[in-house]
Number of protein chains: 2
Amino acid sequence: MTTATPARLTAKGAATRARIVATAADLVLARGVGGTSLDDVRAGTLTSKSQLFHYFPGGKSELVLAIADLQMERVLRAQRPFLDTLDTWAAWDGWRDALVAYYGSQPHWGCPIGTLVSELVGTDPAAAAEVVGHMDRWRGLLRDGLGRMRESGLLRADADPGRLALAVFAAVQGGLLLTQAMRSIEPLTAALDAALTALRAAAPARHPAVLR
Amino acid sequence: MTTATPARLTAKGAATRARIVATAADLVLARGVGGTSLDDVRAGTLTSKSQLFHYFPGGKSELVLAIADLQMERVLRAQRPFLDTLDTWAAWDGWRDALVAYYGSQPHWGCPIGTLVSELVGTDPAAAAEVVGHMDRWRGLLRDGLGRMRESGLLRADADPGRLALAVFAAVQGGLLLTQAMRSIEPLTAALDAALTALRAAAPARHPAVLR
DNA sequence: CCAGTATTGGACCCTGCGGTCCAGTAACAG
DNA sequence: CTGTTACTGGACCGCAGGGTCCAATACTGG
């Protein structure tokens, strides 16, 4: 549903399309959807208006959706391989570091995914719903890891993986929001460390050694 | 700097101005800055274009700033009296409940303050900076409470109030972001509970009783 | 009552921007 | 070689929306 552009694409066309999405992503991620005009995109990609609508017949909405897809792919990739195997505390630590390393290396501070959704909610609810779906996928991976940890005894039986994942995910999003606002990576690291501390508090007592 | 409207206001004028801000706040908080036109505000307040610019010579920017001021005042008020006396665990619990109660009772899900800043960052950096200043004030109150708790021994001497406050604040903002996206209060409660769990992990060991 | 100022209403302007159209060019299939 | 389809350039359109102006009306202080 996200790539229903023209029926057939030649190699050249695909390249142009990719170039548009990549450049547009940089612009939108830095300046927001409302702060980026199609003319900006046109200028940044050395293309013409007709090409934009050739590759994205749905107009700006479709382009924004493609950007969201791309960005989500990037973010998930940056968290691998840890993201799929959050079964141990070591994996969570690695995941934390990967996330910090990724966002610390980004030119534009902050998390355009969370930012994007908050902007779209009041503007383009359909697109917002799609992006929320992506975020649910992300959050689901955290929850799955926590579920497996409960199975294996690394979390207490009364721990609620869904709720814990929600809290960790909120910490990530909030940390990124503040990272963007304050132009510093520290909010993200502080939020992540606190979230992981909270996770460890859901580990069984009597076995502090297992926390490392 | 935030209320440099006309020099003198009659009672009637002040009332009109207040009505404009209040109604505009509802619109902007629900639909975002970009999703709210001055014409929407005009229609919603039964006023005219000239009145908008009479009371907010700076145009939309100034209006948005006034809205941010109002909303920040509301949010801070909802957290009192706990917010100023976060010296005990009981106060933190009360604070948490007050926050949940406030946002749970709002018609529009989510936290327009964090949302606002993320939208403004790419559109109106000056306004964004002002709102960030407000958020710093808020965060500062959390930090101050934690500082006093460290003084009084409720937190370990090696705890970092600034960093902990940052983490809690990030949890609040992230929880609210997800609350808006998912149309549920649960992300906020989960994030807050985890944040408070992390705080308690910074309490001195050997005295678990003091946690209650 | 009178000047002066605050408060309104609403017509108007103009830029920016999303979106359309068409005509010209390149590339592929047969 | 030729028809067809993808690709590209750019002029153009319509309108939404921020912002200006002016003239009419209320209100205030003296």
Side-chain angles (χ1 to χ4, degrees), chain A residues 3-24 27-28 30-67 119-120 122-127, chain B residues 3-24 27-28 30-67 119-120 122-127:
Chain A
T3 327
T5 17
R8 305 163 62 87
L9 279 192
T10 66
K12 191 179 177 184
T16 301
R17 199 195 117 104
R19 193 175 81 243
I20 293 174
V21 177
T23 307
L27 293 174
V28 168
R31 292 155 28 184
V33 175
T36 308
S37 72
L38 290 186
D39 228 57
D40 293 337
V41 175
R42 188 192 51 67
T45 55
L46 281 325
T47 55
S48 67
K49 219 51 170 310
S50 69
Q51 290 178 69
L52 262 42
F53 282 85
H54 180 68
Y55 294 109
F56 305 93
K60 198 174 186 178
S61 281
E62 191 178 337
L63 178 56
V64 168
L65 233 42
I67 291 171
E119 192 178 349
L120 291 178
T123 300
D124 189 340
Chain B
T3 326
T5 18
R8 304 164 63 87
L9 278 193
T10 67
K12 191 179 176 185
T16 302
R17 199 195 117 104
R19 182 165 43 97
I20 292 174
V21 178
T23 308
L27 293 175
V28 168
R31 290 152 33 179
V33 175
T36 308
S37 72
L38 290 185
D39 228 58
D40 293 337
V41 174
R42 189 192 51 68
T45 55
L46 282 325
T47 57
S48 67
K49 215 60 167 305
S50 70
Q51 291 178 68
L52 261 43
F53 283 85
H54 180 68
Y55 295 108
F56 306 92
K60 198 174 186 178
S61 281
E62 192 178 335
L63 177 58
V64 168
L65 233 42
I67 291 171
E119 191 177 349
L120 291 178
T123 298
D124 190 340

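In what follows, chains carry the letters A, B, and so on, assigned in the order in which the sequence lines appear, proteins first and then strands, with residues in each chain numbered from 1.
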Grab the CZ-P distance between B:Phe56 and D:dT20 for me, whole Å please.
15 Å
In whole angstroms, how far is the P atom of C:dG9 from the CG atom of B:Leu52?
11 Å
What's B:Thr36 touching, base or sugar-phosphate or nothing? Going by heavy atoms closer than 4.0 Å.
sugar-phosphate
Classify the side chain of A:Lys49 versus the base of C:dG19 as yes if they form a donor-acceptor pair under 3.5 Å and no if they do not.
yes
Let me know the distance between NE2 of B:His54 and C1' of C:dG9, rounded to the nearest Å.
13 Å
B:Phe53 CZ to C:dT7 P, in whole Å, measures 17 Å
Could you tell me the separation between the CD atom of A:Glu62 and the P atom of C:dG19, rounded to a whole number of Å?
11 Å
Contacting residues from residues 37-45 of chain A, given that a heavy atom lies under 4.0 angstrom of DNA chain D:
none
Taking every non-hydrogen atom, the tightest pair across B:Ser61 and B:Asp124:
OG-OD2, 2.5 Å
Looking at A:Thr16, I'd like to know whether one of its side-chain N or O atoms comes within less than 4.0 Å of OP1 or OP2 on D:dT8.
yes
Taking every heavy atom of B:Leu46 against every heavy atom of B:Arg19, the minimum-distance pair comes out as O-NH1, 4.2 Å
Heavy-atom closest pair, residues A:Leu9 and A:Arg17
CD1-CD, 4.1 Å
Closest to side chain of A:Lys60, choosing from D:dG18, C:dG18, C:dG10:
C:dG18
Closest non-hydrogen atoms of A:Thr23 and A:Gly44, given as atom of the first, atom of the second and distance, are CG2-O, 3.7 Å
If you look at every heavy atom in B:Leu120 and B:Ala127, which pair is closest and at what distance?
CD1-CB, 4.1 Å
Classify every nucleotide of nucleotides 22-30 of chain D by which part a protein heavy atom approaches to under 4.0 Å, writing B for the base, S for the sugar-phosphate alone and - for neither, in 5'-to-3' order.
----SS---
What is the distance, rounded to the nearest whole Å, between atom CD of A:Gln51 and atom P of D:dC7?
10 Å
Which of A:Leu65, A:Ile20, A:Leu38, A:Val64 passes side-chain contact (heavy atoms from CB on, under 4.5 Å) with A:Phe56? It is A:Ile20
A side-chain contact here means heavy atoms from C-beta on lying under 4.5 Å apart; do B:Arg31 and B:Asp40 qualify?
yes
Write down the atom of B:Thr47, the atom of B:Thr45, and the distance for their closest heavy-atom approach.
OG1-OG1, 2.7 Å
How close or far is atom P of C:dC28 from atom CG of A:Leu9, stated in whole angstroms?
13 Å
Go through the steps to decide whether A:Val33 and A:Lys60 satisfy the test side-chain contact (heavy atoms from CB on, under 4.5 Å), and finish with yes or no.
CA-CA 9 Å; A:Val33 175; A:Lys60 198 174 186 178; 4.1 Å; yes
